[in-house]
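Whatever order the structure lists ligands and atoms in, that order sets their numbers, starting from 1.
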Amino acid sequence: MRVETELKLDFDDVLIRPKRSVAPSRASVDLQRSYRFRNASPAAGWNGTPIMAANLDTVGTMRMAQVLHGLHMLTCLHKYYPLEQLIDFFTTDPASPSAFYTLGIREEDFDKLQMFVKKAGDQARLICVDAANGYTKFFVDRVKQVRELCPGAILLAGNVATPEMVQELLIGGGADIVKVGIGPGSVCTTREMTGVGYPQLSALLECADAAHGNKGHICADGGCRRPGDVAKAFGAGADFVMLGGMIAGTDECEGEWVIADGQKRSMKFYGMSSVEAQEKHQGGVKDYTAAEGKCMEMPYKGPVAEVLRQIMGGLRSACAYVGADRLKDLSKCCTFVRCTRTHYPVPD
Ligand code: 5GP
């Protein structure tokens with residue numbers, strides 16, 4: 001047993017220090033990024049605003065993908081769509097180049113992907129291999145298997161939160177982008193249930209460094225609750241930021257809505273390891289496991305485009321405060337200051 005005493009940080013432990021600069025106007029800040037990936041072969045690239053909808057069954061919907069495609073953003077579809085619907089989507093929908101086909105690590109998930117490839121060829125240009133715990137050899141082997149099946153796909157894999165495992169997934173697993181986040185999710189209870197986790201801002205700083213040194217990329221997954229957190233994630237070196245809770249409750253989500261007077265009021269929002277999700281998709285919680293997710297009522301937020309407009313506005317302004325003309329330069333221009341409080345409540 002060992003204790004690491006160096007302080008590790010979460011989004012709420014820091015602020016971004018403003019810097020004197022030849023201020024770019026907020027309107028001119030470029031949020032588009034252009035990436036080339038290390039393992040997809042033949043070489044593959046992507047251009048757009050690097051924000052992704054998470055593969056939660058309420059958020060990672062085809063409707064979400066259609067709207068986010070129009071905004072040059074990405075969506076990780078949830079893994080519960082039937083095969084035929086996925087084939088139809090990926091072979092006919094104009095939004096499909098902005099959607100990840102997501103699979104879990106069970107045998108049947110891989111069988112389904114094999115069937116998909118047999119019937120639809122290499123139509124899923126983006127593939128996400130998703131596991132709550134990306135630290136197992138089994139997981140790395142699964143990522144490798146997906147890479148062998150789909151050599152040309154841009155492969156996103158996770159979750160992990162430490163640099164050595166980022167490198168293992170990039171080098172050993174053949175992933176292009178590693179998803180970073182153990183425990184920060186809004187409806188995640190892993191930290192409470194297991195005591196396991198890693199403060200998300202430090203995880204991003206450390207994992208970005210490990211990935212970029214190997215021409216790899218990372219996606220920050222979990223813990224963004226406000227637009228400023230998205231700016232901090234990019235500032236810490238994330239190449240992509242994935243959102244669940246921030247875009248849950250928007251029109252593009254699917255789930256159980258509370259409707260009053262003909263108006264949407266709230267939506268049931270739950271983690272994918274919650275009792276609710278396990279009952280819905282796996283026929284209940286297994287005896288030997290405990291749920292590591294929770295369920296809440298998420299207030300209705302209107303169209304997702306409006307929520308994302310706010311986030312983009314916050315990002316442009318963050319860039320202007322530190323003198324970055326482009327989102328690409330935000331991490332280079334970013335100095336974080338540790339603080340004891342990030343914002344103040346309205347006076348009583
Ligand atoms: P959010 O943006 O809501 O803070 O975080 C979304 C992320 O939380 C998801 O992309 C996923 O990685 C994680 N997550 C979703 N459901 C669960 C769950 O039930 N348990 C855990 N440990 N993490 C979850």
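- Of all the heavy atoms of Leu56, the ones lying under 4.0 Å from any atom of ligand 1 belong exclusively to the side chain.
- Counting only heavy atoms from C-beta outward, the side chains of Phe139 and Asn133 never approach each other to under 4.5 Å.
- For atom 20 (N) of ligand 1, the nearest protein heavy atom (residue, atom name, distance) is Glu292 O, 2.7 Å.
- Here the protein heavy atom with the shortest distance to atom 2 (O) of ligand 1 is Gly244 N, 2.8 Å.
- Between Leu103 and Lys79 there is no side-chain heavy-atom pair separated by less than 4.5 Å.
- Polar contact check, Phe269 against ligand 1: no nitrogen or oxygen pair lies under 3.5 Å apart.
- No donor-acceptor contact under 3.5 angstrom links the side chains of Glu252 and Thr61, judged on distance only.
- Below 3.5 Å of separation, one finds no N or O of Pro184 facing any N or O of ligand 1.
- Residue-to-ligand polar distances keep Lys294 apart from ligand 1: every N/O pair is separated by 3.5 Å or more.
- Residue Gly185 approaches ligand 1 through these ligand atoms, each under 4.0 Å from one of its heavy atoms: 4 (O), 5 (O), 8 (O).
- Using a 4.0 Å cutoff on heavy atoms, Gly223 counts as a contact of ligand 1.
- Residues Gln85 and Pro82 have side chains in contact (heavy-atom distance under 4.5 Å, counting atoms from C-beta outward).
- For ligand 1 and Met242, the ligand atoms under 4.0 Å from any heavy atom of the residue are 10 (O).
- Ile51 and Trp46 are assigned to two separate hydrophobic clusters, defined by single-linkage of ILVMFWY side chains at heavy-atom distances under 4.5 Å.
- By the rule that hydrophobic residues join a cluster once side-chain heavy atoms approach within less than 4.5 Å of another member, Phe116 and Val129 end up as members of one cluster.
- Among Val275, Asp229, Asp221, Leu243, the residue whose heavy atom lies closest to atom 12 (O) of ligand 1 is Asp221.
- Remark: ligand 1 atoms within the under-4.0 Å shell around heavy atoms of Ala54 are 10 (O).
- Side-chain contact between Glu292 and Thr194: present, with at least one pair of heavy atoms (C-beta onward) separated by less than 4.5 Å.
- Residues Lys301 and Asp251 form no side-chain contact, since every pair of their non-hydrogen atoms from C-beta on lies 4.5 Å or further apart.
- Short contacts between ligand 1 and Ser273, defined as distances under 4.0 Å to a heavy atom of the residue, involve ligand atoms 18 (C), 19 (O), 20 (N).
- Counting heavy atoms under 4.0 Å from ligand 1, residue Ser274 touches it through the backbone alone.
- Two residues are said to be in side-chain contact when any heavy atoms from C-beta on lie closer than 4.5 Å; Tyr35 and His217 meet this criterion.
- Interface atoms of ligand 1 facing Ser186, defined by a heavy-atom separation under 4.0 Å, are 1 (P), 3 (O), 4 (O), 5 (O).
- Using modelled atom types, one finds no donor on one side chain facing an acceptor on the other under 3.5 Å when comparing Arg63 with Gln66.
- Within the 4.0 Å cut-off (strictly below), a protein heavy atom is located near atom 16 (N) of ligand 1.
- Taking every non-hydrogen atom of Thr190 and a distance limit under 4.0 Å, the qualifying atoms of ligand 1 come out as 21 (C), 22 (N).
- Which parts of ligand 1 touch Asn159 is read off a 4.0 Å heavy-atom cut-off, strictly below it: atoms 12 (O).
- Using a 4.5 Å heavy-atom threshold, the side chains of Val117 and Gln123 count as separate.
- Looking at Lys179 next to ligand 1, no N or O pair under 3.5 Å apart turns up.
- With ligand atoms numbered from 1 in the order given, ligand 1 contributes 1 (P), 2 (O), 3 (O) to contacts under 4.0 Å with heavy atoms of Gly245.
- Proximity of Thr189 to ligand 1, defined as any heavy-atom pair under 4.0 Å, is not found for any part of the residue.
- Residue contacts with ligand 1 leave out Met246, since none of its heavy atoms falls under 4.0 Å from the ligand.
- Between Asn47 and His72, the side chains place no donor N or O within less than 3.5 Å of an acceptor N or O (distance only, hydrogens not considered).
- Protein heavy atom in closest approach to atom 24 (C) of ligand 1: Cys188 CB, 3.9 Å.
- Inter-residue side-chain proximity for Ile218 and Lys179 is flagged as unmet; no heavy-atom pair is nearer than 4.5 Å.
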